[in-house]
Amino acid sequence: MSASVTAATAPRRPGTARRFLTNPQAVLSLLVLLVITGLVVFAPLATQHSSTASELSDAFGPPGGGHLLGFDSAGRDVWARLLYGGRNTLGGAVLAVAVALVVGVPAGLAAGYHGGWFDSLASWWVNLVMALPAMVVLLASRAVLGPSVWVLMVVLGVLVAPSFFRLVRGAVAGMRGEPYVDAARVFGLRDSRIIARHVLVVVRAPVIIQVALVAGMAIGLQAGLEFLGIGSGSLPTWGAMLNEAFTNVHRAPLLMLWPGLALGATSAALVLLASALRDVLEDRGTGPVAGRRARRSAAESTAAREDVGERAGLLSVRDLTVAYTLADGTSREVVSGVDLDVHRGEVLGLVGQSGSGKTQTAFSVLGLLPPGGRVSRGSVLLNGTEAVGASERHMRGLRGDTVAYVPQEPMSNLDPAFTVGDHLTEPLRTKLGLSRAQARERALELLRQVEIPDPARVMASHPHQISGGMAQRVLIAGAVSCDPDLLIADEPTTALDVTVQAEVLALLRRLQAQRGMGVLLVTHNLGVVADLCDRVAVMREGVIVEVGATADLLTDPRDPYTRELLDAVLDDAPARAPWRPREVGAL
Amino acid sequence: MTSFILRRAASGLLLLLVISALSYVLLSVPNADVGRQLLGPHASQELVDARNSDLGLDQPVAVRYLDWLSSALRGDLGTSWFTNADVAQAIANRLPVTLSLMVGVTVVTAAASFVLGVWAGVRRGAADRAVQVLGVVGYALPGFLVTLVIVLVFAVQLRWFPAIGYVPLSESFGGWLSTVTLPILSLSVAAVAGVSQQVRSSVIEVMGRDYVRTLRARGLSTSRVVFRHVLRNAATPALTVLGMQFVGLLGGAVLVEQIFGLPGIGAMTVQYTTRGDVPVIMGLVMMTVVVVIVINLLVDILVGWLNPRARTS
Amino acid sequence: MTGTSHGGRLRAALPPDGTGTTEAHVTERDALLDVRDLRVSFPGRGWRAPRVEVLDGVSLRIRPGETLGLVGESGSGKSTIGRAVLGLVPVAGGTITFDGERVDGASRRRRRALSRDVQVVFQDPYTSLNPSLLIGDTLAEPLLAQGVPAREARGTVADLLDRVALPRDAVHRLPREFSGGQRQRVAIARALAISPRLIVCDEPVSALDLTTQRTVMDLLLDIQERTGVAYLFVSHDLSVVRVMSHRVAVIRHGTIVETGDADTVTREPEHPYTRRLLLSAPVADPDRQRERRTEYERRFHADAS
């Protein structure tokens, strides 16, 4: 890209190199690898001794006289064998990784990008290779190809190529459907260019990480082969050295230490490097921008207030403040001093745009904030008892029969491993202590109440077998199953088609009226508010800006933000006039 | 479910057929003159030719393969070129040693990994970091190096267990236990490291799913949600990894049996591959593939039972 | 139409006298894009499953500088029409003609030439930009694909950012540093890079907050006014389509059920499905919403107790 001309207004994220250098694990493990590789590559500079010259009189001789680590069982210099042996061990690993890359990456790219018969064939082959234990295949190929370490390392490369293939294929196939790849095709980019620009960028980091892991594994496997004495017998390698040392373990246990240390340090450094690289390369940056705004408004909020008006009997929230602890240890307020009241049988709408804190408010009432989030201040009275700071046991007692929850996304809120029936009967049995038969009877009745045709069949279905609208009805049935006093519905119709939304809204209205439930309805849709709510609270950046009766607030908003929201509603925006040919020179 | 199992079994049989053909052809390539190899450089050409024709080596590869296949289907895997031992019998004699090792390791791994992974994934914090460190260490060290360290510490230094030898389970349970403890321990280190990482990350992932919050909002206790819902969903990827570990153990067993002097399949593999005894190698490869297929089928059935969506795909 | 006050931009897009061609029928000669009897099918799930018909004989025309709104629910096939025009899905039957030339089944080479004239803005601003490419690289992409020299492209990119009211230093940043609305501006700028004559807008404002949605719609109207580009505007939201489109087509189960001037289709639709769509969307006025609800239940729930 071009050199920076204008200074960026926002702080630039630190570059990859910078992040690498400030990660001690990455630097340290790379340093260890560099030292080992350096010593091995420049072995002649690090020792004048030969790795093969053997003097039986020196066998098991102690260090001294320029022999840094003494002698092995055949009277050879251990330090020299370690250095020259490293050449074979590391060289073999490099060869295996190179072969794996050359075979796995292009095949993965082709299979992932084009799919089709090549993909099917390659994936079948890969499953086959991955199913076989590498060591057994290596031994069998040795019988065919002969005892050359280098040949075996090529075979090993082929054996581990599937791990690159799967990685690349998965990444590429995952992004093939991405709109930005479609967009690139619309722009007329050639496939080769799309792969180079978009695909390689995506797979680069995981491939680098995998290289480190595979190298570590190759070293281990190769050393294992040598240890068994089925590598290239004559060459010094770390595995062969371990083998020789192991046969003399009672006489000179120290001889095992040096090759073991070299092997352990190299593999450990590779794996640690891989895990550090994962942190460095796959850094996805900090959270969304919305958070920063929220923090600013948090600073403006006042300290804890006392008795603000009369508190409602069903749900009364006062000065509720929700904070999240961030990775860097600081905390961020997403809800700041919220007051809310829901009376028995009343429907309160909580309206705001994404990131306004409305969902966080709902989760606080349920005591189910995601990890990292906590109520840092304020009070939540549910049926007159305090929920903030209450034990999990106490909250569990309230959930389901005092306060219930209807989520936004119907599909992701049903456990795919259980049937619809299981979802409904489990709380009935644990909360209400019904028998299996009673629970089933009640569940069928609930499904009838939410207007599901053929309840028995739906009971036996798994979530993936029913439609989104149906799933939302099931979730509503589950929420009302233990007769809650308060229903918290978080954007209950946002994920649904508009005709389904109308049906679900009608269902919610009917259930609310029949059971006299209080409802806290979280939504961004002012039409849904007008349809369902008695009162509305408008929320912006963690703060309630206006509360009022629905009709008043929608027709005569007081707060400029509420007015802004209403102005954005398109209900009464005029339709566009029909097309007319452009006049020449209208530009 | 039945058709799902049948489909998997059929694809397994196809795999067995393909691999057997492939291995047979590949193994036949370099063995043009086995007779010479067996009888030594001084044997007369007639004798060598006679021996080759005894072994059927004068026939085309395709004919030999079909021969082999038809006997294999009757349970006859032929005889060793070098020892004349019956291959199927030899494998059957050694299989219990390796299988008992593998089952032992899998039981230890499954138990330890689920405990560690769930603990780390649900509790997070210090427990999580401990399991992650264990994972990196277990993964970082080559398996046979770990084995050597275990031998040095528990057998050579502490002398708690024998360094070498094997007592069959049928002879004495205590003896068997003392001879397999260290091998099982050695093989479990890497397996626990790998599987517990997988359990941990899937537990963390499932704990973050929407339906976990919804289930808790119904008033179900955390432990019920974890053990009934989270574990069931997290088990799918963990079982797959466990299955792959089990297969990998066939390779790990080669080194461990060699180090501990156990008379199992692994040691047999080393012994016969170095000599290039094709009938035995064929038998070993086939046995490996059968184990792989059976394990994968078991994993598929378990996963299909736990996760209804997997059945349809 | 009751006259609640609304932001000025949308009004400004209307011609002053509110007149124009009222007839929905567009002649072949006028059409910039002419889709006739388009059929698209996808392979069914599972082995030997029958193909699923996604589009079952769809015909539509768009004139230069015109917006055709295409409205439907999920699974109706509305996005598939746009994707077929863009050459992203194979066409099983029918023809697509652009500027008098058949483009269905065009070669990759022909497609590349065509991409100078037909561009796209996708729904989700989070996935339509490659998360690991700098904004500048993303914007330069269509230019480089057309063989524009890098130096020249850089100048054009700066202009594009100006046109969608984004700061020029955005070129050095990654998509994740921008909000959804800003990303959608980037996607629009990218579509404008080589002055196309038609932009397929696939739910371009559906993922945005209400207020942001409004500003992005204004931007699109403004661009059309200035450049005379035509839009195929796909959306599930009848009220958005009404404001954006000269004409509206309603699609259901792969078939167009109704086409006509925006005002007619969105106020007095003929087809019962369009009426149902219209009445299903709640309006932000409790009294009127109650009336609509009653009418909805009268029309569609006559059988329900």
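Order of the sequence lines sets the chain letters (A, B, ...), proteins ahead of strands, with each chain counted from 1.
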Has [X] got a side-chain atom pairing as donor or acceptor with [Y]'s backbone, closer than 3.5 angstrom?
X: A:W579; Y: C:P64; result: yes
X: A:R576; Y: C:M244; result: yes
X: C:N130; Y: A:Y180; result: no
X: C:E73; Y: A:T499; result: yes
X: A:R190; Y: C:A145; result: no
X: C:D261; Y: A:P578; result: no

[X] versus chain C, the contacting section by heavy-atom distance below 4.5 Å:
X: A:E564; value: both
X: A:V498; value: both
X: A:R510; value: neither

Minimum heavy-atom distance between [X] and [Y], given as atom pair plus value:
X: A:Q353; Y: C:D209; result: OE1-CB, 2.8 Å
X: C:P286; Y: A:A551; result: CG-CA, 3.8 Å
X: A:L570; Y: C:V243; result: CD2-CG2, 4.2 Å
X: C:T266; Y: A:A575; result: OG1-CB, 4.3 Å
X: C:T127; Y: A:E178; result: CB-OE1, 3.3 Å
X: C:D285; Y: A:A530; result: N-CB, 3.6 Å

Heavy-atom pairs under 4.5 Å with chain A, option from [options] with the top count:
options: C:A262, C:G65, C:S128; answer: C:S128
options: C:R292, C:Q119, C:H236; answer: C:Q119
options: C:S239, C:A113, C:P142; answer: C:P142
options: C:E141, C:E66, C:R111; answer: C:E141

Side chains of [X] and [Y]: does their closest heavy-atom pair fall under 4.5 Å?
X: A:F187; Y: C:Q146; result: no
X: C:R288; Y: A:D572; result: yes
X: C:R63; Y: A:P581; result: no

Next item on the list: Apply salt bridge (Lys or Arg N to Asp or Glu O under 4.0 Å) to the pair A:D182 and C:R83, showing each step before the final yes or no.
Entry: CA-CA 9 Å; A:D182 281 345; C:R83 293 177 66 81; 2.9 Å; yes
Next item on the list: For each of A:V529, A:V186, A:D191, A:T555, tally heavy-atom pairs with chain C at distances under 4.5 Å, and name the one with the top tally.
Entry: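 Of the options given, most contacts go to A:V186.
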Interface moiety of [X] toward chain A, non-hydrogen atoms closer than 4.5 Å:
X: C:Q182; answer: neither
X: C:V118; answer: backbone
X: C:L210; answer: both
X: C:Q213; answer: side chain

For the atom pair [atom1] ([X]) and [atom2] ([Y]), what is the distance rounded to the nearest 0.5 Å?
X: C:R293; Y: A:L505; atom1: CZ; atom2: CG; result: 9.0 Å
X: A:R185; Y: C:S115; atom1: CZ; atom2: OG; result: 12.5 Å
X: C:L238; Y: A:D571; atom1: CG; atom2: CG; result: 11.0 Å
X: C:L144; Y: A:L189; atom1: CG; atom2: CG; result: 8.0 Å

